[in-house]
Amino acid sequence: MIIENNDRKILIGKNFSEPAPKACDDGVDSKELLYKICKTVTEGGYNAVSQLMGYIISEDPAHISNYNNARTLIGRIDRDELLEDMINTYLEKLEAQYGNKDSDDGL
C-alpha cells in the first residue's frame, strides 16, 4: 500500500530485502555521497557520527562542518531517505548476526 503525504510516498507492508541505491537530485548515489561527506569531515578533524546525529535529529545542516564544502553536500541528500537507508542497513546487519540463530526467548 502506498500513502502519499505532502509529496512523499510512504510504503506500508512491503519488505525490501535489498533496496536500490537512492539517487540525489542530480543523479549521484546518496550512499556514495554520504561516504564522501564522512571522509571529508573526518579529514577535517571532526567526528562524523556526532555531526550526522545532530543533523538527523535537528534537520539543521549547521551540525555538519563546512570543511571542504561538506555542509553543502549534505543538503543534496534527502534526510528522510538517509535515515531510512541507515536503519535498513543496521537491520540487515542485525539479521545477518542474529537471524540464523534458533531462539526460544520469545522475542
Side-chain angles (χ1 to χ4, degrees):
M1 173 187 341
I2 298 175
I3 298 174
E4 293 190 31
N5 184 12
N6 296 332
D7 297 326
R8 290 190 177 159
K9 292 182 180 179
I10 302 169
L11 297 173
I12 297 176
K14 183 81 172 158
N15 184 8
F16 296 102
S17 60
E18 189 170 327
K22 294 185 172 60
C24 302
D25 291 335
D26 54 5
V28 175
D29 179 9
S30 61
K31 290 181 182 179
E32 180 181 354
L33 185 57
L34 179 63
Y35 173 77
K36 289 179 182 180
I37 292 166
C38 289
K39 185 175 177 183
T40 297
V41 166
T42 303
E43 287 172 355
Y46 301 96
N47 183 322
V49 172
S50 176
Q51 291 198 4
L52 280 173
M53 285 177 52
Y55 169 68
I56 290 169
I57 291 169
S58 70
E59 200 169 356
D60 182 1
H63 286 277
I64 303 295
S65 164
N66 206 27
Y67 181 77
N68 280 347
N69 214 23
R71 187 175 301 150
T72 301
L73 293 176
I74 198 72
R76 294 172 51 190
I77 301 173
D78 181 88
R79 186 184 72 96
D80 292 337
E81 289 181 7
L82 171 63
L83 187 55
E84 180 183 342
D85 283 345
M86 293 172 84
I87 291 171
N88 281 331
T89 300
Y90 184 74
L91 292 176
E92 288 170 8
K93 289 188 179 289
L94 288 177
E95 177 67 26
Q97 184 174 356
Y98 299 110
N100 295 328
K101 294 181 180 180
D102 291 331
S103 176
D104 292 332
D105 60 8
L107 296 178

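Hydrogens, waters and symmetry mates play no part in the numbers below; they use all other heavy atoms, side chains included.
- The CD1 atom of I56 sits 8.0 Å away from atom CD1 of I64, with the distance rounded to the nearest 0.5 Å.
- Qualifying side chain to side chain contact (heavy atoms under 4.5 Å, CB included) partners for T89, counting only residues two or more places apart in sequence or in other chains: K93.
- If you take NE2 on H63 and OG on S58, they are separated by 3.0 Å, rounding to the nearest 0.5 Å.
- Neither I57 nor I87 shares a network with the other; the hydrophobic side chains, linked directly or stepwise wherever heavy atoms of I, L, V, M, F, W or Y lie under 4.5 Å apart, form separate groups for each.
- With rounding to the nearest 0.5 angstrom, the CE atom of M86 is 5.5 Å from the CG atom of L52.
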Q: Step by step, work out the side-chain contact (heavy atoms from CB on, under 4.5 Å) result for D80 and E84.
A: CA-CA 6 Å; D80 292 337; E84 180 183 342; over 6 Å; no
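- Atom CG of residue N69 and atom CD1 of residue I74 lie 12.0 Å apart, to the nearest 0.5 angstrom.
- Atoms CD and CG, on E95 and N88 in that order, are 12.5 Å from each other to the nearest 0.5 Å.
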Q: Please lay out, stage by stage, how K36 and L73 fare under the test side-chain contact (heavy atoms from CB on, under 4.5 Å).
A: CA-CA 9 Å; K36 289 179 182 180; L73 293 176; 5.5 Å; no
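- If you chain together hydrophobic residues whose side chains sit under 4.5 Å apart, L91 and L82 fall into the same group.
- In this structure, R71 CZ and D60 CG are separated by 8.5 Å, a value rounded to the nearest 0.5 Å.
- Residues I37 and V49 fall into different hydrophobic clusters, defined by Ile, Leu, Val, Met, Phe, Trp and Tyr side chains chained together at heavy-atom separations under 4.5 Å.
- Note on residues 37-49: no pairs pass side-chain hydrogen bond (donor to acceptor under 3.5 Å, both in side chains), not counting sequence neighbours.
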